[in-house]
Enquirer: 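Quick one: this structure, given as structure tokens, is what I'll be asking you about.
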Amino acid sequence: MDFYRRMELVCREIPYGKAVSYGQIALLCGKPKNARQVGYALSHRLVGDHIPARRIVNSAGKLSGAKSFETPDRQRELLEAEGVEVDEEERVDLRLFGWYHTLEVAEELRRRFEAEGI
DNA sequence: TAGGTGACGCGGT
DNA sequence: CACCGCGCCACCT
């Protein structure tokens with residue numbers, strides 16, 4: 001299975017104005033223990049730049065990858081531009097802006113991976 | 001092959 | 001709350 005190709009499809013499902021953790025992405029990709037790999041893929045640009053990397057934060061809501069953007073505050077600016085509040089600690093409240101995917105979304109993605117042999 | 005490094009996460013304190 | 005220790009795993013020396 002191609003984890004990075006899966007990541008691309010999963011990331012496209014993250015809604016505008018929402019944020020999600022590395023762990024959630026890994027889970028949807030079928031490898032719940034690979035949260036670190038999600039960060040690795042993003043920092044090394046292994047999944048293309050057309051995915052909403054700005055919406056991926058750690059489980060505490062912190063913008064842990066901000067330093068990898070054009071400028072250190074770029075991620076915060078992009079998120080705020082779509083209505084996501086970021087506090088002075090570079091953190092978003094996932095209870096308010098977190099993306100809680102449905103079982104339907106998870107199954108739909110699984111079917112797609114299966115169908116496309118990913 | 002062995003050891004080090006993280007855009008990580010969880011549980012304990 | 002915060003901080004810390006530890007498990008985790010793909011990659012890179």
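Per chain, numbering begins at 1; letters A, B, ... match sequence-line order.
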Enquirer: Determine: side-chain N/O of A:Ser21 to OP1/OP2 of B:dC8, distance under 4.0 Å, yes or no.
Expert: no
Enquirer: For DNA chain C, what is the dot-bracket line, given that a base pair needs Watson-Crick (N1 to N3, plus N6-O4 or O6-N4) or G-U wobble (N1-O2 and O6-N3) geometry with both distances under 3.5 Å, and | means paired with another strand?
Expert: .||||||.|||||
Enquirer: Decide yes or no for A:Thr71 and A:Arg74: does some side-chain heavy atom of the first lie under 4.5 Å from some side-chain heavy atom of the second?
Expert: yes
Enquirer: Is it the case that the side chain of A:Arg12 and the backbone of A:Ile51 share a donor-acceptor pair, with hydrogens and angles ignored and the cut-off at 3.5 Å?
Expert: no
Enquirer: Does any non-hydrogen side-chain atom of A:Leu109 lie less than 4.5 Å from one of A:Val10?
Expert: yes
Enquirer: With a 4.0 Å heavy-atom cut-off, tell me which residues in residues 58-78 of chain A come close to DNA chain B, sorted by residue number.
Expert: A:Asn58, A:Ser59, A:Ser64, A:Gly65, A:Ser68, A:Phe69
Enquirer: Taking for each residue the nucleotide of DNA chain C bearing the nearest heavy atom, is the 5' side occupied by A:Arg91 or by A:Tyr4?
Expert: A:Arg91
Enquirer: Going 5' to 3' along DNA chain C, which are the first and last nucleotides with any atom under 4.0 Å from a heavy atom of chain A?
Expert: C:dA2 to C:dC12
Enquirer: For A:Glu107 and A:Arg110: C-alpha separation, side-chain torsions, deciding distance, then whether salt bridge (Lys or Arg N to Asp or Glu O under 4.0 Å) applies.
Expert: CA-CA 5 Å; A:Glu107 307 242 320; A:Arg110 255 198 293 284; 3.3 Å; yes
Enquirer: Any side-chain heavy atom of A:Tyr22 within less than 4.5 Å of one from A:Leu42?
Expert: yes
Enquirer: Say whether A:Tyr4 and A:Gln37, considering side chains only, have a donor N or O and an acceptor N or O under 3.5 Å apart.
Expert: yes
Enquirer: If I take atom CG in residue A:Leu28 and atom P in nucleotide B:dC8, what distance separates them, rounded to the nearest angstrom?
Expert: 18 Å
Enquirer: Hey, could you give me each pair passing ring pair (Phe, Tyr, Trp, His ring centres under 6.0 Å) that has a residue in residues 76-100 of chain A? Not counting sequence neighbours.
Expert: A:Trp99-A:His101
Enquirer: Quick one: does A:Asn34's side chain get under 4.5 Å of A:Ile25's, heavy atoms only?
Expert: no
Enquirer: Decide salt bridge (Lys or Arg N to Asp or Glu O under 4.0 Å) for A:Glu82 and A:Arg54; before the verdict, give the C-alpha distance in whole Å, the side-chain angles of both, and the deciding distance to 0.1 Å.
Expert: CA-CA 10 Å; A:Glu82 45 184 80; A:Arg54 58 182 173 284; 2.8 Å; yes
Enquirer: Within the 4.5 Å heavy-atom criterion, are A:Arg112 and A:Leu9 side-chain neighbours or not?
Expert: yes
Enquirer: Please check: side-chain N/O of A:Asp73 versus main-chain N/O of A:Arg76, any donor-acceptor pairing under 3.5 Å?
Expert: no
Enquirer: Identify all pairs in which a protein N or O lies below 3.5 Å from an N or O of nucleotides 2-5 of chain B, and state each distance.
Expert:
none

Enquirer: Just call it for A:Arg55: base, sugar-phosphate, or nothing, with non-hydrogen atoms closer than 4.0 Å on any strand.
Expert: nothing
Enquirer: When you compare the side chain of A:Glu90 with that of A:Gln75, does any pair of heavy atoms fall below 4.5 Å?
Expert: no
Enquirer: May I ask you to decide whether A:Glu108 forms a salt bridge with A:Arg111, counting only side-chain N to carboxylate O separations under 4.0 Å?
Expert: yes
Enquirer: Indicate the atoms forming the closest heavy-atom contact of A:Asp87 with A:Glu89, along with that distance.
Expert: OD1-N, 2.7 Å
Enquirer: For DNA chain C, which residues in residues 34-54 of chain A have a heavy atom at a distance below 4.0 Å?
Expert: A:Asn34, A:Arg36, A:Gln37, A:Tyr40
Enquirer: If we ignore hydrogens and angles and just use 3.5 Å, is the side chain of A:Arg91 paired with the main-chain N or O of A:Lys62 as donor and acceptor?
Expert: no
